[in-house]
Number of protein chains: 2
Amino acid sequence: MCGKCSPYLDFAAAYCAGRGLRLTAPRAQVLGIVVEAGKPITAYEALAVLGQQVKNPKPPTVYRALDFLQQAGLVHRIESLNAYVACHGGHDHHSSQFLICDDCGTVQEVESGPLDKAIGDTTEKMGFVSGHWSAEIHGSCKKCQG
Amino acid sequence: MCGKCSPYLDFAAAYCAGRGLRLTAPRAQVLGIVVEAGKPITAYEALAVLGQQVKNPKPPTVYRALDFLQQAGLVHRIESLNAYVACHGGHDHHSSQFLICDDCGTVQEVESGPLDKAIGDTTEKMGFVSGHWSAEIHGSCKKCQG
DNA sequence: AAATTATTTGTCATATTTTAACGATAAGTT
DNA sequence: AACTTATCGTTAAAATATGACAAATAATTT
Ligand SMILES: [Zn+2]
Ligand SMILES: [Zn+2]
Ligand SMILES: [Zn+2]
Ligand SMILES: [Zn+2]
């Protein structure tokens, strides 16, 4: 828990309350851990951190919390990293786009209208009904360049 | 090996030869297995199939072959499925887009210029230098509707 | 051709990531 | 309170992926 994640947790509490979602203790703890990480964190890394707060937690605790948080839209899973990041905005979205810096490990979530439209156009043309999608863009962030 | 994968393997052989890449026996076998699957196949599924062709193969054999094939651009990894598909075209590309049907399990690789441009615009605006990216679009394919 | 070097392979084992199952606990309902 | 549903803690075990190293193969050099 820190200055950065406390406001986020306040927001998350209200966000969940407004939707009938239960932000229980383990869920809130894991959310705090993901927020505080500030970059992608794996389930086992989160488990290790959680172990500093509660006694000897087990993997299912973290995985269940992450599943819940994902469904709630509070965290995203970066598939290409097997890791999780907090959603950068308090918005429902079934799709997400990430700029993943392979040098420093940071991930920036972006919202690109044109990207959204391009995917909509493509799926429509193919007669495909899109549920959710994600674009994971690997490369080098601004800071990490000469 | 079948009527579908044989021409693909011929192409792959020429493709690799032209680039100084060595399409060795285990690599060609694994490629054949992925092509023949016709839909995403996991490393361990491929390992099981390979076990019908050679005696008691081990995971590293398949993983190494898949790594090579990926680097060569002959197969893609679908991160959200932990599975692999053959590249639908004989083209170099550092990026790919997939329409993944969650009902029938098929995956269609598409090439969308607008999507490519949208990602280029976004990364440029953020000062991000993009290496490779992939968009994995989950949903329901044309066949699986109504 | 022989020696050298680099790449690839087979094999052992292990590490990492994720899930199933199930009884206990807590929350929401009638 | 009695009932139903959701969540939790715990014990495994399944599924996914990699490290290490010697043997074999292929490419390169002498
Ligand atoms: Zn988000
Ligand atoms: Zn960076
Ligand atoms: Zn492709
Ligand atoms: Zn389908």
Side-chain angles (χ1 to χ4, degrees), chain A residues 12-13 16-34 37 40-72 74-85 105 136, chain B residues 12-13 16-34 37 39-72 74-85 102 105 136:
Chain A
C16 288
R19 289 154 207 263
L21 301 173
R22 292 170 54 195
L23 188 62
T24 60
R27 291 167 178 173
Q29 282 170 311
V30 170
L31 177 56
I33 289 165
V34 173
I41 184 173
T42 67
Y44 266 76
E45 287 167 351
L47 181 63
V49 177
L50 184 61
Q52 301 166 0
Q53 303 175 22
V54 304
K55 193 199 162 195
N56 197 24
K58 313 292 182 190
T61 299
V62 165
Y63 279 102
R64 285 197 284 232
L66 289 171
D67 285 349
F68 167 85
L69 295 168
Q70 249 184 292
Q71 292 234 299
L74 292 166
V75 311
H76 298 296
R77 177 180 161 85
I78 310 287
E79 299 286 356
S80 57
L81 298 177
N82 292 344
Y84 301 81
V85 292
E136 303 187 1
Chain B
C16 288
R19 288 153 209 264
L21 302 173
R22 292 168 55 193
L23 188 61
T24 60
R27 291 167 178 174
Q29 282 170 312
V30 169
L31 178 56
I33 289 165
V34 173
K39 58 174 187 156
I41 183 172
T42 69
Y44 270 78
E45 286 168 352
L47 180 63
V49 177
L50 184 61
Q52 301 166 0
Q53 303 174 21
V54 304
K55 192 199 167 196
N56 197 24
K58 314 292 181 191
T61 299
V62 165
Y63 278 102
R64 286 197 284 231
L66 289 171
D67 285 349
F68 167 85
L69 295 168
Q70 251 185 291
Q71 291 234 301
L74 292 166
V75 310
H76 298 295
R77 176 179 162 87
I78 309 288
E79 297 286 356
S80 57
L81 299 176
N82 293 343
Y84 302 81
V85 292
D102 296 323
E136 303 187 2

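The chains referred to below are lettered A, B, ... by the order of the sequence lines, with proteins before strands, and numbering in each begins at 1.
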Using a 3.5 Å cut-off and no angle test, enumerate the donor-acceptor pairs between side-chain atoms of residues 39-47 of chain B and protein atoms at least two apart in sequence or in another chain.
residue: B:T42; atom: OG1; partner: B:E45; partner atom: N; Å: 3.1
residue: B:E45; atom: OE1; partner: B:T42; partner atom: N; Å: 2.9

Please examine the side chains of A:C16 and A:L74, heavy atoms only from C-beta on, and report whether any two atoms are closer than 4.5 Å. yes
Taking five pairs at each end of the helix from C:dA1-D:dT30 to C:dT30-D:dA1, what angle separates the two helix axes (nearest 10°)? 40°
Identify the two heavy atoms, one from B:Y84 and one from B:L66, that lie closest to each other, and give their separation to 0.1 Å. CE1-CD1, 3.5 Å
Atom pair CG/CD of A:L21 and A:Q71 - distance to nearest 0.5 Å: 9.5 Å
If you take all heavy atoms of B:A65 and B:P26, which pair is closest and at what distance? CB-O, 4.1 Å
DNA chain C: 5'-most and 3'-most nucleotides touching chain B, 4.0 angstrom heavy-atom criterion: C:dT7 to C:dC12
Is there side-chain contact between B:R27 and B:L31, with at least one heavy-atom pair below 4.5 Å? no
If you take any heavy atom closer than 4.0 Å to DNA chain D, which residues from residues 55-62 of chain A end up in contact? A:K58, A:P60, A:T61
Just call it for B:R22: base, sugar-phosphate, or nothing, with non-hydrogen atoms closer than 4.0 Å on any strand. sugar-phosphate
For the residue pair B:D67 and B:R64, establish whether any side-chain heavy-atom pair is separated by less than 4.5 Å. no
Where do A:L50 and A:T61 land on the side-chain contact (heavy atoms from CB on, under 4.5 Å) test, with the steps shown first? CA-CA 10 Å; A:L50 184 61; A:T61 299; 4.1 Å; yes
Walk along DNA chain D from 5' to 3' and tell me the first and last nucleotide with an atom closer than 4.0 Å to a non-hydrogen atom of chain B. D:dT16 to D:dA26
State, with a plain yes or no, whether a side-chain heavy atom of A:R22 is found less than 4.5 Å away from one of A:F68. no
Sequence neighbours left out, what pairs pass salt bridge (Lys or Arg N to Asp or Glu O under 4.0 Å) with at least one residue falling in residues 74-83 of chain A? A:R77-A:E79
Separation between NE2 of B:H76 and CG of B:L69, rounded to the nearest 0.5 Å: 11.5 Å
By nearest nucleotide on DNA chain C, pick out whichever of A:Y44 and B:Y44 is the more 5' one. B:Y44
